[in-house]
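The residues of the chain are indexed from 1 along the displayed sequence. Whatever order the structure lists ligands and atoms in, that order sets their numbers, starting from 1.
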Amino acid sequence: MSALPGAPNLARAGAVLQLDGQPLAALAQAFGTPLFVYSQAAMLAAVGAYQRALQGRRHLVCYAMKANSSLAVLQTFARAGCGFDIVSGGELARVLAAGGDPARVVFSGVGKRPAEMRQAMQAGVRCFNVESTAELDTLNAVALAMDRRAPVSLRVNPDVDAGTHPYISTGLKGNKFGIAHAQAVAAYRHAASLPGLQVVGIDCHIGSQITQVAPYLDALDRLLDLVEQVEAAGIPIHHVDVGGGLGITYSDESPPAADVLVAQLLQRLDARGHGHRELLFEPGRSLVGNAGVLLTEVLVLKPGADDGSGGKNFCIVDAAMNDMVRPAMYEAWMQIEACVLRDAVPATWDVVGPVCESGDWLGRERVLAVQPGDMLAILSAGAYGMTMSSNYNTRPRAAEVMLVDGQARLIRQREAVASLFAGELLLDAPEPGA
Ligand code: LLP
């Protein structure tokens with residue numbers, strides 16, 4: 001395992017951990033902690049790998065913004081020519097606020113509300129990734145009421161095993177996602193019969209943190225089988241969207257590089273005579289995960305009893321499960337590094353937050369030389385960190401900084417405590433609007 005897994009722009013200059021050449025401890029001092037810091041260059045490099053491999057082909061990379069939906073991150077990808085994969089009206093509003101092009105938006109999600117469908121039609125999204133026949137009917141009614149036709153792609157559940165954590169595996173029969181492969185042709189016939197819909201594509205998404213090419217090839221084969229059947233039934237399909245899911249390196253995983261994955265998928269498309277089709281991707285984690293770190297200050301050290309009783313050493317930091325829930329939720333392993341290495345004998349620590357839950361941990365049994373006041377960096381924190389954060393324990397959400405051309409730019413202010421309950425009403429308060 002390399003000392004700094006998966007973080008291309010992260011390096012040590014002597015004892016000092018740097019992102020894009022900027023010492024992280026200094027950023028933590030300047031902006032306070034907990035603090036997310038992202039390298040814009042790393043994000044652009046990640047999307048560039050997809051785009052280069054797709055050059056000369058009709059394609060669209062739709063960044064799955066659930067991974068990190070901060071406006072400056074969206075702006076970065078919009079300027080790089082990306083579309084967006086959204087799953088709510090709220091995410092659509094963010095795309096528009098960041099200057100993204102709605103005509104490059106695909107709207108995924110297993111439960112869209114009619115109001116969200118209307119909002120997306122109004123904005124002019126590129127297509128709806130529809131997950132059930134009931135949703136086809138609802139969308140048809142919404143579109144007809146607007147005197148429009150809604151562009152649809154059917155999300156098919158290809159029933160392939162992505163070989164990942166059960167909570168983030170989505171392409172198996174037992175998952176709530178997508179239309180069963182066996183029912184897909186009938187669903188396409190139904191879609192084609194509805195006057196408010198226009199069939200434009202097919203899609204799937206088999207899971208997240210996938211570290212192999214094979215499940216993608218299996219899923220693509222299953223999709224192409226359907227494309228052939230559906231087109232034989234007289235319903236043309238324009239694009240094939242293979243979803244997101246490419247993994248990153250948190251410790252010793254070695255996922256394929258994006259360009260290797262893309263090349264193999266293109267080869268399979270060509271081999272099966274589908275090379276003319278537009279290919280869509282919905283990557284989230286692989287565009288932002290390794291581009292970010294979460295910085296946190298050590299508050300208290302609580303060494304276990306030194307009597308052989310097996311007591312644990314706890315290193316209590318100021319970031320918690322509300323800032324980064326992945327360890328608590330998936331038992332995810334994330335590398336933790338001292339921002340400045342100490343010349344001291346390390347000990348083994350459980351790195352935990354101040355939240356009142358035993359599940360509030362960031363890393364277990366980590367070998368670190370630390371003192372209160374030291375800054376630690378949780379690596380590969382650019383994806384599913386800030387977007388999954390909460391205000392549990394009335395903790396304000398962290399601030400975010402993006403490194404742009406060598407400059408540290410604040411892209412999100414630390415939340416103010418007063419704003420956390422600004423929308424709440426005391427029992428004797430007048431009703432809003434009264
Ligand atoms: N498209 C669809 C329809 C999705 O549901 C997802 C992620 C993506 C694309 C992007 O997948 P990615 O490229 O990021 O793997 N919170 C979990 C991951 C949940 C992924 C949900 N769907 C985690 O922190 O590991």
Side-chain angles (χ1 to χ4, degrees), residues 6 36 43 46-47 49-50 60-69 73 77 82-88 91 105-112 127-132 135 153-158 162-172 175-179 201-212 215-216 219 223 240-251 253 255-258 261-262 280-292 294 321 323-334 362 378-390:
F36 285 95
M43 293 184 184
V47 74
Y50 280 90
L60 185 60
V61 177
C62 293
Y63 166 55
M65 59 183 282
K66 61 171 77 71
N68 187 325
S69 59
V73 172
F77 287 118
C82 288
F84 297 93
D85 169 54
I86 65 166
V87 290
S88 70
E91 287 196 341
V105 165
V106 299
F107 191 174
S108 298
V110 71
K112 305 176 187 76
C127 87
F128 292 85
N129 289 347
V130 173
E131 301 220 12
S132 64
E135 187 188 337
S153 160
L154 298 199
R155 174 170 176 182
V156 173
N157 185 335
T164 185
H165 189 286
Y167 281 15
I168 52 176
S169 177
T170 51
L172 278 168
N175 296 126
K176 71 177 174 184
F177 298 103
I179 295 171
I202 190 164
D203 66 282
C204 72
H205 172 77
I206 56 174
S208 199
Q209 186 54 17
I210 301 169
T211 55
Q212 312 278 325
Y216 280 101
L223 288 193
V240 174
D241 175 351
V242 294
L246 181 60
I248 62 170
T249 303
Y250 287 99
S251 59
E253 308 92 332
L261 171 67
V262 171
L280 268 58
F281 284 86
E282 301 169 1
R285 189 193 316 266
S286 57
L287 298 191
V288 291
N290 283 146
L294 171 59
M321 65 189 291
D323 302 297
M324 174 50 77
V325 78
R326 302 192 67 257
M329 193 153 165
Y330 315 111
E331 300 207 329
W333 194 95
M334 303 181 75
L362 297 168
I378 294 144
L379 309 191
S380 311
Y384 304 110
M386 181 52 97
T387 46
M388 294 182 79
S389 65
S390 77

[atom1]/[X] to [atom2]/[Y] distance, rounded to the nearest 0.5 angstrom?
X      : Y      : atom1 : atom2 : result
Ile179 : Glu131 : CD1   : CD    : 8.0 Å
Tyr384 : Arg285 : OH    : CZ    : 6.0 Å
Met334 : Leu362 : CE    : CG    : 8.5 Å

What atoms in ligand 1 come closer than 4.0 Å to a heavy atom of [X]?
X      : value
Arg326 : 23 (C), 24 (O), 25 (O)
Met388 : 16 (N)
Gly245 : 11 (O), 12 (P), 13 (O), 15 (O)
Ala64  : 8 (C), 9 (C), 10 (C)
Gly244 : 9 (C), 13 (O)

Run down the list Met65, Arg285, His205 and name the one with the heavy atom closest to atom 11 (O) of ligand 1. His205
Looking only at non-hydrogen atoms, the one of Glu282, Lys66, Glu131 nearest atom 4 (C) of ligand 1 is Lys66
Counting only heavy atoms, which portion of [X] has something under 4.0 Å from ligand 1: side chain, backbone, both, or neither?
X      : result
Phe177 : neither
Asp85  : side chain
Pro283 : backbone
Arg155 : side chain

Check whether NZ of the Lys or CZ of the Arg Lys112 lies under 6.0 Å from the centre of the six-membered ring of Phe107 and within 45 degrees of that ring's axis. yes
Taking all heavy atoms of Cys204 and all of Leu223, pick out the closest pair and write down the distance. SG-CD1, 3.8 Å
Specify whether Tyr63 and Phe77 have parallel, tilted or perpendicular ring planes, treating 30° as the upper limit for parallel and 60° as the lower limit for perpendicular. tilted
Salt-bridge criterion met for Arg155 and Asp241 (N-O under 4.0 Å): no
Donor-acceptor pair between Tyr50 and Ser286 side chains, under 3.5 angstrom: yes
Could you tell me whether Tyr384 and ligand 1 have an N or O pair separated by under 3.5 Å? yes
